[in-house]
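Below is one structure, written out as structure tokens; comments come after it.
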Amino acid sequence: MKHVIDVTTPGGAYPIHIEPGGLTTLGGFTRSVAPAGRVLVVVDERVAADHGVAAEASLASAGYEVTRHVLTATEEKKTLDSVRAIYDTQLAARLDRRCPLVAVGGGITGDVGGFAAATYLRGVPLIQVPTTLLAMVDAAIGGKTGVNHPRPEGPLGKNLVGAFWQPRGVIVDPRTLDTLPARHLRCGLAESIKHAVIADAGLLELIESSVDAVLAGDDGVRASLIARSAQVKVDIVEQDEREAGVRALLNLGHTFAHAIEPVPEQKLHHGEAVAIGMCAATQCAVATKRLTTDEGAAIVAAITACGLPATLPHAMPMTPLLTAMGYDKKVADGRLRLVLPVAIGRAVVADDVPSDVIAAAWRSVGATEAAGS
Ligand code: GLY
């Protein structure tokens, strides 16, 4: 069954097509929204030989002359150098302003390819073809593009350089998930749980009842779950394209997650870090009496039902985590902003969570020392 979700933002209106086998429609769809003689496919090297080739075949059959640019889609390579390499390919192929860029891969491919699309010749049409569950339900929707960049003190800062650039369309083919490892599928489920917790209580039940079918490869169940999760993202982006307000709710769990994701010993993928981060945020919400204990337990139960971690794989001291989440700097002027669930299906941004509550939340997910020690 095909699901179509229309997105309307100040930066552009476009459809999201969610359909098993939908990759074969890419060429015709692209021709309808970005007619041109040539097209650039920016593809993650991990899916170039299968989904990349299928995307190119569909575009070629719609009459496009296809140029391929293969990307090493890792956080380390999510840099301006990778964007420059795309510009070089575009220039070498003499691609002009009408020629679309089709990004085939996960969130990093969409972000890097999307930023090249936003900036080459001051902007060319972008089509997002997400091939990870995480990108299908979240990253490919809403127009955020960009790269990491080193901070003055050294380490890469995530997504420090970028642009809002809405795609002309998003083609989601759940069958492309057949090649995705189960661990990555679970990471996508973490972002779906996030959407459920902030805006759609029924989605949480749907996730728990469909997790087995999603992992087993049921196309129809996958499509329905993607559509329901994507709808939450669309509703939020339509209200707040540029994250001036409600879009910040999509950061549930992320302030904690960004602290643990780069810790090498934890070996966490983004979705796993978000799962642990959501448990910590839930703990803060319960401790500050914004959320009932039962609702908090239900959120953690959904996370574990999806096979996601609720605690750190390896115990570690919390002091570096507090530093990494900007605790010391931001609390000093009262600005550590945390997204907290206040019910299943509703969340708020809070900037008044006491330090001892944050320390207790870290302890509840496996960190090992008191704040300030
Ligand atoms: N992934 C969060 C956002 O797009 O705002």
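Just follow the structure's listing: the first ligand is 1, and inside any ligand the first atom is 1. Bear in mind that the values here come from a model prediction, so they are computed numbers and not experimental data.
Counting only heavy atoms from C-beta outward, the side chains of Leu177 and Met136 approach each other to under 4.5 Å. Residues Leu250 and Lys233 form a side-chain contact, since some pair of their non-hydrogen atoms from C-beta on lies under 4.5 Å apart. Under the 4.5 Å side-chain criterion, counting only non-hydrogen atoms from C-beta, Ser224 is in contact with His3.
Closest to atom 1 (N) of ligand 1, if we only count protein heavy atoms, is Asp138 OD1, 3.1 Å. Among all non-hydrogen protein atoms, the one lying nearest atom 5 (O) of ligand 1 is Arg247 NE, 2.7 Å.
Between Lys194 and ligand 1, no pair of N/O atoms sits closer than 3.5 Å. Residue-to-ligand polar distances place Lys233 within reach of ligand 1: an N/O pair is separated by less than 3.5 Å.
With respect to Arg222 and Asp178, a salt bridge is recorded, a charged nitrogen being found less than 4.0 Å from a carboxylate O.
The atoms of ligand 1 that sit less than 4.0 Å from any heavy atom of Leu250 are 2 (C), 3 (C), 5 (O).
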Task: Residue pair Asn251, Glu243: steps toward the side chain to side chain donor-acceptor pair (under 3.5 Å) verdict - done: CA-CA 10 Å; Asn251 295 328; Glu243 200 168 313; 3.3 Å; yes
